[in-house]
Amino acid sequence: MRLERGFYARDPREVAPELLNKVVSTRGCTGRIVEVEAYGGADDPGSHGYRGMTPRTEAMFGPPGRLYVYFTYGMHWCANVVCGQKGECAAVLLRALTPMEGLEKMRSRRPKARRDRDLCSGPAKLAAALGIHGTANGADLVTADAGIELLDDGTAPPPAPGRSVRIGLSTGADLPWRWYVSGCPDLSRRG
DNA sequence: ACCGGGATGTTCT
DNA sequence: GAACATCCCGGTG
């Protein structure tokens with residue numbers, strides 16, 4: 001069943017580990033979430049919203065349960081799940097999925113992926129594989145107004161997820177706000 | 001396996 | 001002008 005608004009309206013560090021093993025679905029393509037990172041709050045210099053709201057980061061300030069999609073390195077889109085209360089800056093970056101359905105479509109969107117485990121093993125990879133780009137910024141996951149939704153298929157989050165610092169940051173690099181399914185072969189890196 | 005560098009353009013200083 | 005929540009390719013061991 002689809003996740004409700006209240007699931008998202010909490011601290012991203014609480015929501016992030018609970019997103020593990022949930023399912024992302026976009027028009028025929030689905031994948032299980034196996035790696036996430038939490039961002040936001042007044043104490044997080046690694047967050048895009050750390051210095052206040054800008055046109056780019058507006059979606060990250062709520063309402064919760066929507067997507068924050070940003071463009072980076074001149075060519076990649078990455079997708080976040082917005083958390084917390086409206087007016088707060090809080091989100092969880094989706095970093096890796098285990099592909100489940102729609103593999104043919106994912107392969108056609110990511111022709112350079114050698115193996116199926118490479119289709120969604122990174123934040124920009126999974127956004128590409130699922131066909132998520134800038135037009136999905138602000139899309140509501142609760143009403144699925146853009147055909148993108150988050151589902152609980154009955155699989156519980158791992159009781160003891162792996163945890164580490166976040167990947168690719170220069171500021172806020174010491175905060176251990178990355179969670180992942182230990183031993184999963186579909187992670188953005190071994191863990 | 002690991003490492004280094006190039007691609008590519010938006011955002012903010 | 002620099003930084004960037006990344007990815008891919010080609011080198012070497």
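Residue numbers begin at 1 in each chain, while the letters A, B, ... track the order of the sequences. Hydrogens, waters and symmetry mates are skipped; everything else that's a heavy atom, side chains included, is used.
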Between [X] ([atom1]) and [N] ([atom2]), how many Å, whole number?
| X | N | atom1 | atom2 | answer |
| --- | --- | --- | --- | --- |
| L126(A) | dA5(C) | CG | P | 16 Å |
| D118(A) | dC9(C) | CG | C1' | 14 Å |
| W179(A) | dA5(C) | CH2 | P | 18 Å |
| R117(A) | dC7(C) | CZ | C1' | 17 Å |
| Y50(A) | dA5(C) | OH | P | 15 Å |
| I167(A) | dC7(C) | CD1 | C1' | 13 Å |

Name the nucleic acid region contacted by G122(A), choosing base, sugar-phosphate or nothing; use a 4.0 angstrom heavy-atom cut-off, strictly under.
->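 The residue G122(A) makes sugar-phosphate contact but no base contact.
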S188(A) near the nucleic acid: base, sugar-phosphate alone, or nothing, with a heavy-atom cut-off under 4.0 Å?
->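 Here S188(A) touches no strand at all.
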Would you mind telling me which of dC8(C), dC4(C), dA5(C) lies closest to the side-chain atoms of K112(A)?
->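 Between dC8(C), dC4(C), dA5(C), the one nearest the side chain of K112(A) would be dC8(C).
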Which residues pass the salt bridge (charged side-chain N to carboxylate O under 4.0 Å, His left out) test with [X], sequence neighbours left out?
| X | value |
| --- | --- |
| R51(A) | none |
| E14(A) | R10(A) |
| D118(A) | R115(A) |
| R2(A) | E149(A) |

What residue pairs, at least two apart or across chains, pass side-chain hydrogen bond (donor to acceptor under 3.5 Å, both in side chains) with a residue in [range]?
| range | result |
| --- | --- |
| residues 61-70 of chain A | H48(A)-Y68(A) |
| residues 73-86 of chain A | none |
| residues 31-47 of chain A | R32(A)-D153(A), R32(A)-T155(A), E35(A)-R95(A), E35(A)-R178(A), E35(A)-S188(A), E37(A)-Y39(A), D44(A)-R166(A) |

With no hydrogens and no angle check, is any side-chain donor or acceptor of T26(A) less than 3.5 Å from a backbone partner on L130(A)?
->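 Confirmed, T26(A) side chain pairs with L130(A) backbone.
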What pair of heavy atoms forms the shortest contact from V34(A) to C184(A), and how long is it?
->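 Answer, listing the atom of V34(A) first, then C184(A): CG1-SG, 3.8 Å.
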Other than I167(A), which residues form its hydrophobic cluster under the rule that side-chain heavy atoms must be closer than 4.5 Å?
->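 Same cluster as I167(A): nobody, lone residue.
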Other ILVMFWY residues reachable from V23(A) by side-chain steps of under 4.5 Å =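 Taking Ile, Leu, Val, Met, Phe, Trp and Tyr as members, V23(A) shares its hydrophobic cluster with M100(A), L151(A).
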5' to 3' contact window, DNA chain B with chain A (heavy-atom distance under 4.0 Å) |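 The contacted stretch runs from dA7(B) to dC12(B).
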Determine which bases of DNA chain B form Watson-Crick or G-U wobble pairs with both distances under 3.5 Å, and write the result as a 5' to 3' dot-bracket string with | for other-strand partners.
-> |||||||.||||.
On a whole-Å scale, what distance lies between the P atoms belonging to dC3(B) and dA5(C)?
->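 The answer is 22 Å between these two P atoms.
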What are the residues of residues 72-111 of chain A, sorted by number, that bring a heavy atom to within less than 4.0 Å of DNA chain B?
->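 Those residues whose heavy atoms fall under 4.0 Å from DNA chain B, taken from residues 72-111 of chain A in numerical order, are Y73(A), G74(A), M75(A).
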Within the pair S170(A) and dC4(C), is there a side-chain N or O less than 4.0 Å away from OP1 or OP2?
->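 For S170(A), the contact criterion (side-chain N or O under 4.0 Å from OP1 or OP2 of dC4(C)) is met.
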